[in-house]
2 protein chains.
Amino acid sequence: MMTTIKDVANYANVSVATVSRVLNNKGYISKTAEEAVLKAIKELDYRPNSVARSLYHKTSNMIGLLMPDITNPFFPELARAVEDVAMSYGYTVVFCNTDEEMEKEKTYFEALKQKYVDGMILTTSNMDSTKYDEFDIPLVALDRIISERIPTVVSENKKGAMEATQHLIERDCKYIAHLRGPVGVRPADDRYNGFIEIAEKEGIGYVTADTQFSIELAEEKTLELFQSHPEIDGIFASSDVTAAGAMHALFKLNKQVPQDVKIVGFDGIPLGTMLVPSLTTIQQSIYKMGEKATQLLIDQIEQKAIDTYYHEFPTSLVVRHTT
Amino acid sequence: MMTTIKDVANYANVSVATVSRVLNNKGYISKTAEEAVLKAIKELDYRPNSVARSLYHKTSNMIGLLMPDITNPFFPELARAVEDVAMSYGYTVVFCNTDEEMEKEKTYFEALKQKYVDGMILTTSNMDSTKYDEFDIPLVALDRIISERIPTVVSENKKGAMEATQHLIERDCKYIAHLRGPVGVRPADDRYNGFIEIAEKEGIGYVTADTQFSIELAEEKTLELFQSHPEIDGIFASSDVTAAGAMHALFKLNKQVPQDVKIVGFDGIPLGTMLVPSLTTIQQSIYKMGEKATQLLIDQIEQKAIDTYYHEFPTSLVVRHTT
DNA sequence: CTGAAAGCGCTAACAT
DNA sequence: ATGTTAGCGCTTTCAG
């Protein structure tokens, strides 16, 4: 059976209190007592029960990671980063796919709180933003902006979008389409605004279409776009997956990339390099963002002071073969 | 502060035992008592503390998912399936990337056991297989074969590989290369054996090269292969990612796909459809396998009898544009 | 320096 | 039908 602190105490001929003390390196312990306990622990292959600890401390050494869908290729790298740093601090991560549904989000929130998770990283937010403030538990917003009271880690989305658009114009595009991401999702909105700003400033023609982060929808929308605007010669997609969808549409339409139409994506996921031609994109520091967010969360959990609440990571244009 | 069962009991003027009874629908409760308790629960917005429950029951309603690397595109869909069914049964999943390192695997195993996880799904196994039997906790092997005592869910890897090879031969390939997956990993070995069996039987020329599930390595190995065997006109890759690597190599070598060289992958991940030309592959029922594995795990946890220990899912050849 | 004992929140005998 | 109480395994006063 599982060996408990009591077993160790008996074996070492001390009280459980003493065992607890050596376990946690707290309070005075005589050299001899310590040695006896250490020996007992080893002999019995004892490992403290973390549930019991949790009950007392009201902490669990677990953090929750809420995201829309791990199946979206943007998230695995993020999740990996979170898990890596969590692990390095002795935290364990439970992961939750919300599909952007408020109900699922709520359910998870409750479930995780009951499990005393020490904090959560949110890469999705569909509840009223004030709701989050009510839950008094450390939170970090990642690739989302929820409220000023929640530490936030995002990319320079607007700047990146501006750069992408500029690049298309430099490559001589005269009529650019923007495949916009979900309306209301801040990073997608920022990219949209960046696009509009440059397009207006440079005075070129443009259209936009709403998409989700789905390849099929992107393909469909692109097809539609070309039906109404055959003059399109450049596409700025709100994500690399969307860009892949656009490329499929172009293939169907018998348009050459980059000769007839140039494309820039956004994200910098591995997919981009696998496409042929490989995708020009705005690279985000996905892994680093995940690390930073987790670090911020753990800092909160461990009551360390958080200097800055808002962290923007630079993006960079990676020119490959679609432009 | 958090409201406890005691608060509810006081508020409803009953004992904690009564509250516990209505909570768990166990034992006799009078209609009036029940109503009072229900009302108290609602008024106080009480939610039972699952850590306390865990401590008593030695269960946690959590399951662990050990996998090599969520960043490998084979795993997100699997993880999603696991999470979906876990969630539907009220379980929460903690996920762990082991990078195929035995040390990490051990660390997680210990950590999860201490948290009383109710069971684990293993899509990675690097410890001595007898080790797993020692840990007396429900286990399921997914896309891996560990021991007969552990319920197992895999694809018909050998059969799929045979079909792939046969397809290449039917498409007139005379000299086929197999990019083999990690030696010692059962599904990869099975695919290798399936390939060899058909190649021998049909008496065609072939070579093999060892790869991991990494795109870069696959590209490199393919380059090497063509240096020593320029007559290669067909490639059977052990995974779609590997196939993508091969395609990159071919692009560099100025070989046309499928005219000069035909390629078949294995897995059927979304990547395959995004490639140009899109990838012919052996499709696995990834999501279904994840579902089945989770179902098997939960059955064990809930002490339901498990009929079959070994589950093989059929694969299917999906012919796209690389052959 | 060490031990006894209370308590974290909940469940399940055992009484009543 | 309901309450009392003893744990689950651990931590932390509080005495000594």
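Keep in mind that the numbers below use all heavy atoms, side chains included, and drop hydrogens, waters and symmetry copies. Letters A, B, ... mirror the listed sequences (proteins, then strands); counts begin at 1. This is a predicted model, so every value here is computed, not measured.
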> Under 4.0 Å between a side-chain N/O of A:S30 and OP1 or OP2 of C:dT2, yes or no?
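Answer is yes, contact under 4.0 Å.
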
> Calculate the interatomic distance between B:L23 atom CG and D:dT2 atom P; express it in whole Å.
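Going from CG in B:L23 over to P in D:dT2 covers 15 Å.
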
> At less than 4.0 Å, is any side-chain N or O atom of A:K26 found next to OP1 or OP2 of D:dT11? Yes or no.
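For D:dT11, neither OP1 nor OP2 has a side-chain N or O of A:K26 closer than 4.0 Å.
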
> What's the shortest heavy-atom distance between B:D143 and B:Q284, and which atoms?
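That would be OD1-OE1, 4.4 Å.
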
> Mind checking if A:V51 touches a base, just sugar-phosphate, or nothing, with heavy atoms under 4.0 Å?
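Result for A:V51 = nothing.
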
> Roughly, in whole Å, what's the span from CD1 in B:I5 to C1' in C:dA12?
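After rounding, the gap between these two atoms is 12 Å.
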
> Which nucleotide, C:dC1, C:dA4, D:dG9, lies nearest any side-chain atom of A:Y28?
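The closest nucleotide is C:dC1.
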
> Whether B:Y46 contacts C:dC10 is assessed here as follows: a side-chain N or O lying under 4.0 Å from the phosphate OP1 or OP2. Is that the case?
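For C:dC10, OP1 or OP2 has a side-chain N or O of B:Y46 closer than 4.0 Å.
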
> Rounding to a whole Å, what distance do you find between B:K115:NZ and D:dC10:P?
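B:K115 atom NZ is separated from D:dC10 atom P by 14 Å.
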
> So which one's nearest nucleotide on DNA chain D is more toward 5', B:A52 or B:K31?
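By nearest-heavy-atom nucleotide position, the 5'-most residue is B:K31.
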
> With the side chain of A:R53 defined as its heavy atoms from C-beta on, choose the nearest nucleotide among D:dT5, C:dG9, D:dT11.
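Nearest to the side-chain atoms of A:R53, counting from C-beta on, is D:dT11.
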
> Can you see if the side chain of A:K6 gets near the phosphate of D:dC10 - specifically, an N or O under 4.0 Å from OP1 or OP2?
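Answer is no, no contact under 4.0 Å.
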
> If you find the nucleotide of DNA chain C closest to A:T32 and the one closest to A:V16, which residue's nucleotide is nearer the 5' end?
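Here A:T32 is the residue nearer the 5' end.
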
> Whole angstroms only, please: what is the OH-C1' distance between A:Y116 and C:dG9?
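To the nearest whole Å, that distance equals 7 Å.
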
> Within this structure, what is the NZ-to-C1' distance between A:K58 and C:dC10, rounded to whole angstrom?
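Computing the A:K58:NZ to C:dC10:C1' distance gives 12 Å.
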
> Do B:E148 and B:Y309 have side-chain atoms, one donor and one acceptor, less than 3.5 Å apart?
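Checked: B:E148/B:Y309 side chains show no N/O donor-acceptor pair below 3.5 Å.
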
> Check whether any side-chain nitrogen or oxygen of A:S15 sits under 4.0 Å from OP1 or OP2 of C:dA4, and answer yes or no.
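No.
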
> What's the shortest heavy-atom distance between A:V16 and A:K6, and which atoms?
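Nearest heavy atoms, A:V16 then A:K6: CG1-CA, 3.9 Å.
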
> What integer distance in Å separates A:I41:CD1 from D:dC10:P?
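Roughly 10 Å, once rounded to whole Å.
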
> What nucleic acid atoms does A:T4 come within less than 4.0 Å of, heavy atoms only: base, sugar-phosphate, or nothing?
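Sugar-phosphate contact only - A:T4 comes under 4.0 Å of backbone atoms but never of a base.
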
> Quick check: on DNA chain D, is the nucleotide nearest B:R21 upstream (toward 5') of the one nearest B:L55, or the reverse? Name the residue that is more 5'.
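Looking at the nearest nucleotide for each, B:R21 comes out on the 5' side.
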
> State whether B:E83 and A:K104 are salt-bridged, where the test is any N-O pair (Lys NZ or Arg NE/NH1/NH2 against Asp/Glu carboxylate O) under 4.0 Å.
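Salt bridge absent between B:E83 and A:K104.
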
> Is it true that A:R80 and B:D99 make a salt bridge, defined as a side-chain N closer than 4.0 Å to a carboxylate O?
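Salt bridge between A:R80 and B:D99, a charged N being under 4.0 Å from a carboxylate O: yes.
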
> Atom CE of B:M2 and atom P of C:dG9: how far apart are they, to the nearest Å?
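Between P of C:dG9 and CE of B:M2: 7 Å.
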
> Once you apply a heavy-atom cut-off of 4.0 Å, does B:I29 come out as touching a base, just sugar-phosphate, or nothing?
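B:I29: backbone/sugar contact only, no base atoms under 4.0 Å.
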
> Are B:Q295 and B:Y89 close enough that a side-chain donor and a side-chain acceptor fall under 3.5 Å?
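B:Y89 and B:Q295 do have a side-chain donor-acceptor pair below 3.5 Å.
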
> Can you find a side chain N or O atom of B:N49 that sits less than 4.0 Å from OP1 or OP2 on C:dC8?
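Negative; the distance criterion is not met.
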
> Calculate the interatomic distance between B:Y56 atom OH and D:dC8 atom P; express it in whole Å.
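So the two atoms are 9 Å apart, to the nearest Å.
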
